[in-house]
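Take a look at the structure below.
Note on naming: letters A, B, ... go to the chains in the order of the sequence lines (proteins, then strands), and numbering restarts at 1 for each one.
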Amino acid sequence: MDRRVYASVIVMGQMRVTTFNLAHTVESAQPLTFFGDERGDGKGMTYTHKNSMIEVVQKGSLLDYRAYGNIKGPELRNEVIMRFGLGDDMARIYKSIATDAFMKKAIDSYSGLRITRNDPWETALCFVISQFNNVKRIRGIVKGLVASYGEEHSFLAGGAQLRFRSFPTPESLAERSTDDLMRHGVGFRARYIKKLARECSESFDLKRIEGEDYSKAKEELMSLDGVGDKVADCILLFGYGRLEAFPTDTWIKRIVEHVYFKGRKRSIREIHEFAEERWGGYAGYAQQYLFHNARINKLGKVLR
DNA sequence: ACCCAGGCGGGCG
DNA sequence: CGCCCGCATGGG
């Protein structure tokens with residue numbers, strides 16, 4: 001494994017934020033939950049972006065950020081704004097989706113939770129691993145893959161040496177055997193991961209998805225092995241910022257059935273139709289508040 | 001010992 | 001289409 005060593009290159013800045021809550025955002029099972037590192041008090045975190053390590057700390061309405069790596073100030077600022085969805089107009093979004101008491105309460109409880117924007121490949125890998133799995137284990141598996149297959153970087157920061165590994169590339173995973181991957185606890189997902197890595201490094205251009213409309217993009221993502229309806233929506237929401245995507249997992253299905261259909265069973269397709277009709281272009285935000293609220297309060301068991 | 005976890009692919013009627 | 005099954009693994 002080659003290693004890159006750089007001299008101290010630290011860029012930092014600060015910005016004012018409103019209706020933003022770093023802890024809720026990072027704890028709501030988005031990609032940053034899986035590959036980022038939250039600070040003990042929940043007010044700060046670090047994550048890797050390309051070949052840089054970025055640290056973000058929230059102090060009320062101020063967001064401090066700094067990076068170790070080859071990234072310039074303006075680019076870093078844009079990265080932070082993009083990553084944490086700080087360009088989203090929350091007043092407008094809340095007004096649009098808070099049309100009932102249940103949603104109002106979820107928004108009130110977790111105000112400032114944002115949809116993060118992440119690299120499509122990184123998002124795809126995280127959510128292929130997420131299937132039939134739990135958040136804690138997903139996190140462990142993703143971090144294990146980063147630790148084993150990510151390129152190592154080293155910086156001198158205030159006399160101390162800071163080391164981290166960037167997110168593994170499709171190429172780096174494509175060349176591993178499924179047995180290698182299995183050793184990281186990925187289980188039956190090993191062949192999905194290997195095929196995904198190979199396709200993304202050889203034939204499937206994740207970039208081209210950007211220009212396509214929602215259903216076409218989803219259809220193409222679902223052509224990947226191990227990417228079904230739910231994972232495709234996660235990739236579209238967290239990897240491409242398609243806020244109309246409504247990932248429908250078991251939690252969301254139960255919650256929607258309980259709150260909006262008097263407990264009657266609905267198919268995934270019916271739930272999608274309902275979400276589009278009710279929440280339209282911001283269905284992804286509605287989904288994230290429903291999901292986080294349900295998971296934190298363990299509503300899954302209550303509704304079963 | 002069980003049960004479940006941000007599902008998916010394949011096979012069947 | 002809808003339904004059912006198996007699937008690796010570790011924590012509660």
Side-chain angles (χ1 to χ4, degrees), chain A residues 24-36 106 110 113-116 118 122-145 148 176-197 199 218-240 242-243 245-258 264-273 275 283-304:
Chain A
H24 292 160
T25 302
V26 176
E27 286 159 12
S28 64
Q30 301 191 41
L32 285 182
T33 309
F34 305 136
F35 71 85
Y110 303 103
L113 193 172
R114 303 267 183 157
I115 297 292
T116 61
N118 307 268
E122 297 175 8
T123 306
L125 182 63
C126 285
F127 283 98
V128 161
I129 291 169
S130 80
Q131 67 174 265
F132 199 41
N133 213 340
N134 62 60
V135 172
K136 187 172 183 178
R137 250 172 58 77
I138 298 162
R139 203 175 141 81
I141 290 169
V142 171
K143 283 176 170 296
L145 294 176
S148 293
R176 313 310 309 193
S177 68
T178 50
D179 281 349
D180 268 359
L181 297 172
M182 290 280 269
R183 266 172 228 125
H184 292 83
V186 302
F188 65 90
R189 309 165 192 84
R191 63 187 184 86
Y192 294 152
I193 294 169
K194 186 166 171 61
K195 283 192 73 174
L196 179 74
E199 293 197 77
K218 183 168 175 178
E219 187 184 335
E220 292 204 28
L221 288 171
M222 286 177 65
S223 75
L224 293 163
D225 204 17
V227 177
D229 180 88
K230 190 268 177 183
V231 171
D233 273 328
C234 283
I235 299 171
L236 287 167
L237 182 58
F238 303 118
Y240 294 94
R242 299 293 178 93
L243 299 182
F246 190 82
T248 305
D249 67 344
T250 53
W251 293 86
I252 290 295
K253 185 169 182 298
R254 285 198 297 257
I255 296 295
V256 170
E257 285 167 349
H258 180 264
R264 303 287 188 91
K265 294 291 180 192
R266 295 290 112 135
S267 68
I268 298 283
R269 190 177 57 77
E270 288 171 314
I271 294 196
H272 277 305
E273 287 166 0
Y285 260 105
Q287 179 273 158
Q288 198 62 13
Y289 279 87
L290 290 178
F291 173 83
H292 189 59
N293 177 54
R295 200 172 76 87
I296 294 299
N297 296 304
K298 304 187 190 310
L299 293 187
K301 288 187 169 51
V302 177
L303 301 182
R304 197 163 324 154

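Remark: A:Y240 engages no residue in a side chain to side chain donor-acceptor pair (under 3.5 Å) (not counting sequence neighbours). Judged as a side chain to side chain donor-acceptor pair (under 3.5 Å), and not counting sequence neighbours, A:T248 has no contacts. A:K136 is linked by a salt bridge (charged side-chain N to carboxylate O under 4.0 Å, His left out) to nothing, counting only residues two or more places apart in sequence or in another chain. With sequence neighbours excluded, no residue forms a side chain to side chain donor-acceptor pair (under 3.5 Å) with A:H292. Residues satisfying the salt bridge (charged side-chain N to carboxylate O under 4.0 Å, His left out) test with A:E219, not counting sequence neighbours, are none. Every residue meeting the side chain to side chain donor-acceptor pair (under 3.5 Å) condition with A:K143, not counting sequence neighbours, appears here in chain and number order: A:D37. Checked against salt bridge (charged side-chain N to carboxylate O under 4.0 Å, His left out), A:K218 has the following partners two or more places apart in sequence or in another chain: A:D229, A:D233. Taking the side-chain contact (heavy atoms from CB on, under 4.5 Å) definition, one finds that A:E199 meets it with A:S203, A:F204, A:L224, sequence neighbours left out. In this view, A:R183 and A:D180 satisfy the salt bridge (charged side-chain N to carboxylate O under 4.0 Å, His left out) rule, not counting sequence neighbours.
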**Report entry** Bracket notation of DNA chain B in which parentheses pair within the strand, [ ] cross earlier pairs, and | pairs with another strand (Watson-Crick or G-U, under 3.5 Å)
**Finding:** .||||.|||||||

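A 4.0 Å heavy-atom criterion places the boundary nucleotides of DNA chain C facing chain A at C:dG2 to C:dG10, written 5' to 3'.
Classification of the A:F127-A:F238 ring pair by plane angle, with boundaries at 30° and 60°, yields parallel.
Among the atoms of the strands shown, base atoms are found under 4.0 Å from some heavy atom of A:S28. If you check every strand for non-hydrogen atoms under 4.0 Å, A:Q288 touches a base.
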Report summary line: In B/S/- notation (B base, S sugar-phosphate only, - none; protein heavy atoms under 4.0 Å), nucleotides 7-13 of chain B written 5' to 3' is BSS----

